[in-house]
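Working notes, beginning with the structure itself.
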2 protein chains.
Amino acid sequence: MTTTIKDVANLAGVSVATVSRVINDRGYVHADTRKKVEDAVKALNFSPNEVARSLYTRKSKLIGLLLPDIANPYFPQLARGVEDGMQEQDFRLIFGNSDEDERKEQDYIQTFIQNNVMGVISSTNYPHSPIYENLKIPVVFLDRTSLDSPSVYADGREGGRLAAREIIKRGSCRITVMQGPSHIRPAQDRFEGAIEIIRDAGLDYRVIQTTSFSFNEAGLWAEELFSKHSDTDGVIASNDIAAMAVLHEALRIGRKVPDDVQIIGFDDIPMSSILSPGLSTIRQPAYEMGRKAAGLLIGLVEQAPIENKNIQLPVEFIERGTTRKVSTNG
Amino acid sequence: MTTTIKDVANLAGVSVATVSRVINDRGYVHADTRKKVEDAVKALNFSPNEVARSLYTRKSKLIGLLLPDIANPYFPQLARGVEDGMQEQDFRLIFGNSDEDERKEQDYIQTFIQNNVMGVISSTNYPHSPIYENLKIPVVFLDRTSLDSPSVYADGREGGRLAAREIIKRGSCRITVMQGPSHIRPAQDRFEGAIEIIRDAGLDYRVIQTTSFSFNEAGLWAEELFSKHSDTDGVIASNDIAAMAVLHEALRIGRKVPDDVQIIGFDDIPMSSILSPGLSTIRQPAYEMGRKAAGLLIGLVEQAPIENKNIQLPVEFIERGTTRKVSTNG
DNA sequence: CCTCTATGTGTAACCGGTTACAGATATTAA
DNA sequence: TTAATATCTGTAACCGGTTACACATAGAGG
């Protein structure tokens, strides 16, 4: 059927052990022999069965990637970063959407292990779940913090502070903060960072609690926001999707943005710059985070000495059209 | 180390063959024996090594998914549809970005095979490449047509026609059509469909040729469009990203949308409805396409009788704020 | 010329499952 | 009671690689 190492050995007139030595470049092989084997490999277009390999070595070129929902526009960038980083080192991805559901995560981790993946990158809210604590292979938490485990994340709390500082600096004083889903850690970090600053500034604030990051519901929360807090003059949204919905609703009901209401998002998804007005937001370097996670995991897998297992990337305020210009003497 | 079928056999006091029979529910097993084995499986929390299984059976629960670029917002929906469809049948995905690069596709297909995937879903521009022609496992082309191979796609040509009809019906007569990257088939289909109708209507048209679907360059083409064809009163964009860039640029240079310029996009990515004004577009049912592809591939893998190997899904005009209301007598 | 080490290659066990086959026992039919 | 058949279970080969080990030969050093 498909050509095996045995076929190569026969054609080259050597044993399978020798072929194995050649293709893995291990142990002693005479130059002439190596040539014969390489020719046979080419002639038969042989490439080794990774499954057989993996069975014996308990290794593979696979790693597992678990994200909440690839259809949420923040995650594809992470995924792409991970993929590019892995691809360069010849690792492949088994990918799954967890929907932030511990049970689904469990199932995926299970099949990852069954397929001998060398490591896992996971955006989970349950880093301390036994699922992970009992894993015998390296895990990197991505976009989620766990100080005692390797992780790559942006400074969400500082992001929240930054958003609050910038919006206050630009003159909003009846701020509404959207609090993202309570079980999603980064959402809470942002929220806490934001109210910390607002409180410190002695300002009042209102809260809109949301329960998902979905497109469909974003519109509803935006409506709720302006009906409950119609006097608000500044919105710190839980992410860019929510911010876009707020912007949409604000314009729909005739508010001027940014003159009547300022809006700051979170993530800086690619879309944000194309809006009109462009969305001011707190940028997370998602692609870079994905790459860093890939690099960190590969390091762990290869037992390289790792200097820093907790990589925190900086967030950044991206000033666009939904915030006012700050006065020059400010 | 990890518990194997041998451990289960020992604990249950039977042979590995019997354990295998129990976990695969195949052949004769005495009820009492089955109970003993099941208890042992539970006690040891055993789950079979899929790699070992796959080596002997040449089967697996893996399929390969190849998309051009998950960071392009159209594809995550496809991916999610595929994933959900596969997940329900306990299949897992090995995922890769091809960047529309035949070489990269080649490499991925290679590693898919090395890992015994049962089938492949691919968005490729090269369905007739030897890569695919020589594959011995089922392939489903997704979002790309190949009449002689299983495929799931939307009717791009009709989508182009639809866009042209709707924009003409609403009064544009100096239409600019954006022609997407020439090597991407669906982009060409749309383009051809659009100019077919415009020509039939006896109208003149201009063309802006683009070479990628990337966010960064979208803005440049939008600028080029209005500088070269400043009198245009209707734009049929190559996709929603391009359309958003055009909308952005139009507003920036002070055109009224839709009064001065109408814009129609393509895809209906989730963002489109959140814009202000909302983007009128030709909708492709991406998530549904992904699911259908998953279903079709599973059917092929399981050699079920397939009624229709070429699933074409309908496109649909979604009327939002970047096109004018059609007059009621129209 | 002899010993010691470096080089080169093959045999066979092993990874963890599945399954063909054989042998044993229980059940059924005549 | 006996033959035929159905049920139950274990032994061992197999999937396609990797590698420990044994053995053979060549080259180096004295």
Side-chain angles (χ1 to χ4, degrees), chain A residues 1-38 40-41 44-62 110-118 136-137, chain B residues 1-38 40-41 44-62 110-118 136-137:
Chain A
M1 188 69 76
T2 45
T3 86
T4 73
I5 199 173
K6 228 170 271 178
D7 303 325
V8 177
N10 288 340
L11 181 59
V14 300
S15 74
V16 293
T18 300
V19 177
S20 179
R21 286 188 198 103
V22 171
I23 62 182
N24 292 298
D25 204 15
R26 222 193 304 283
Y28 293 117
V29 181
H30 192 92
D32 298 352
T33 312
R34 158 165 288 120
K35 179 80 171 56
K36 278 192 298 182
V37 171
E38 283 167 350
V41 165
L44 297 176
N45 192 25
F46 169 74
S47 74
N49 181 324
E50 286 295 334
V51 174
R53 238 179 201 176
S54 176
L55 177 57
Y56 185 87
T57 62
R58 297 144 178 284
K59 296 182 195 316
S60 74
K61 283 307 218 171
L62 297 175
Q110 171 94 327
T111 64
F112 288 167
I113 292 169
Q114 289 181 320
N115 286 285
N116 277 3
V117 302
M118 294 300 283
K136 286 177 228 74
I137 52 175
Chain B
M1 188 71 74
T2 46
T3 86
T4 73
I5 198 172
K6 226 169 275 178
D7 303 324
V8 177
N10 288 341
L11 181 58
V14 299
S15 74
V16 293
T18 300
V19 177
S20 179
R21 286 188 198 104
V22 170
I23 63 183
N24 292 296
D25 205 16
R26 224 193 303 283
Y28 292 116
V29 181
H30 192 93
D32 297 352
T33 312
R34 155 166 290 121
K35 179 77 170 57
K36 277 193 297 182
V37 172
E38 284 167 349
V41 165
L44 298 175
N45 193 24
F46 168 74
S47 74
N49 181 324
E50 285 295 333
V51 174
R53 236 180 202 175
S54 176
L55 178 58
Y56 186 87
T57 62
R58 297 143 178 285
K59 296 186 196 314
S60 74
K61 283 308 218 172
L62 297 175
Q110 171 93 328
T111 63
F112 288 169
I113 292 169
Q114 288 181 321
N115 285 285
N116 277 3
V117 302
M118 293 302 281
K136 286 177 229 73
I137 52 174

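Throughout, protein chains are lettered first and strands after them, A, B, ... in sequence-line order, and every chain is numbered starting at 1.
- Here dC15(D) presents its P atom at 9 Å from CG of L55(B), a figure rounded to the nearest Å.
- Contacts of V29(B) with the nucleic acid, taken as non-hydrogen atoms under 4.0 Å apart, involve only primed sugar atoms and P, OP1 or OP2.
- Phosphate proximity of dT18(D) to R26(A): absent, as no side-chain N or O sits under 4.0 Å from OP1 or OP2.
- If you take CZ of R53(B) and C1' of dC15(C), they are 16 Å apart, rounded to a whole angstrom.
- Among N10(A), V16(A), V41(A), the one residue that satisfies the side chain to side chain contact (heavy atoms under 4.5 Å, CB included) test with I5(A) is V16(A).
- Here dC15(D) presents its P atom at 6 Å from NZ of K6(A), a figure rounded to the nearest Å.
- At the phosphate of dT7(D), OP1 or OP2 sits under 4.0 Å from a side-chain N or O atom of Y28(B).
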Pairs: protein N or O with nucleotides 10-14 of chain D N or O, under 3.5 Å:
| from | atom 1 | to | atom 2 | distance (Å) |
| --- | --- | --- | --- | --- |
| dG10(D) | OP2 | S15(B) | N | 2.9 |
| dG10(D) | OP2 | S15(B) | OG | 3.1 |
| dG10(D) | OP2 | T18(B) | OG1 | 2.8 |
| dG10(D) | N7 | R21(B) | NH2 | 3.3 |
| dG10(D) | O6 | R21(B) | NH2 | 2.4 |

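- Annotation: side chain of K36(A) is not in contact with side chain of T18(A) (no heavy-atom distance under 4.5 Å).
- The distance from atom NZ of K59(B) to atom P of dG17(C) is 18 Å, rounded to the nearest whole Å.
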Dump the pairs, protein N or O against N or O of nucleotides 27-29 of chain C, anything under 3.5 Å, distances to one decimal.
none

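- Taking all atoms of both residues into account, the shortest heavy-atom contact from N115(A) to L62(A) is O-CD1, 4.0 Å.
- Taking 4.0 angstrom as the limit, R58(A) places none of its side-chain polar atoms (N or O) nearer than this to OP1 or OP2 of dT18(D).
- Applying the 4.0 Å criterion to OP1 and OP2 of dT18(D), one finds that N24(A) has a side-chain N or O inside that range.
- Contact of the K136(A) side chain with the T2(B) side chain is registered, since non-hydrogen atoms from C-beta on lie closer than 4.5 Å.
- Straight-line distance from the CD1 atom of I5(A) to the P atom of dG17(D): 6 Å, rounded to whole Å.
- Among dT18(C), dC8(D), dT18(D), the nucleotide with an atom closest to any side-chain atom of H30(B) is dC8(D).
- For the 3.5 Å distance criterion, the side chains of S47(A) and Q114(B) qualify, holding a donor opposite an acceptor.
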*Stepwise, does the side chain to side chain contact (heavy atoms under 4.5 Å, CB included) test hold for V14(B) with H30(B)?*
CA-CA 12 Å; V14(B) 299; H30(B) 192 93; over 6 Å; no

*Dump the intermediate steps for side chain to side chain contact (heavy atoms under 4.5 Å, CB included) on V22(B) and E38(B), then the final yes or no.*
CA-CA 8 Å; V22(B) 170; E38(B) 284 167 349; 4.0 Å; yes

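- Between E50(B) atom CD and dC15(D) atom C1' there is a gap of 15 Å when expressed in whole angstrom units.
- Closest approach of M118(B) to R58(B), counting heavy atoms only: SD-O, 4.3 Å.
- The NZ atom of K61(B) sits 12.0 Å away from the OG atom of S54(B) when rounded to the nearest 0.5 Å.
- In this structure, the NZ atom of K35(A) is 17 Å from the P atom of dG8(C), given to the nearest Å.
- Contact of the I137(A) side chain with the F112(A) side chain is not registered, since no non-hydrogen atoms from C-beta on lie closer than 4.5 Å.
- OP1 or OP2 of dT9(C) sits under 4.0 Å from a side-chain N or O of T33(A).
- Taking side-chain N and O atoms only, S20(B) has a distance below 4.0 Å to OP1 or OP2 of dT18(C).
- For the pair N116(B) CG and dG16(D) P, the interatomic distance rounds to 9 Å; values are reported in whole Å.
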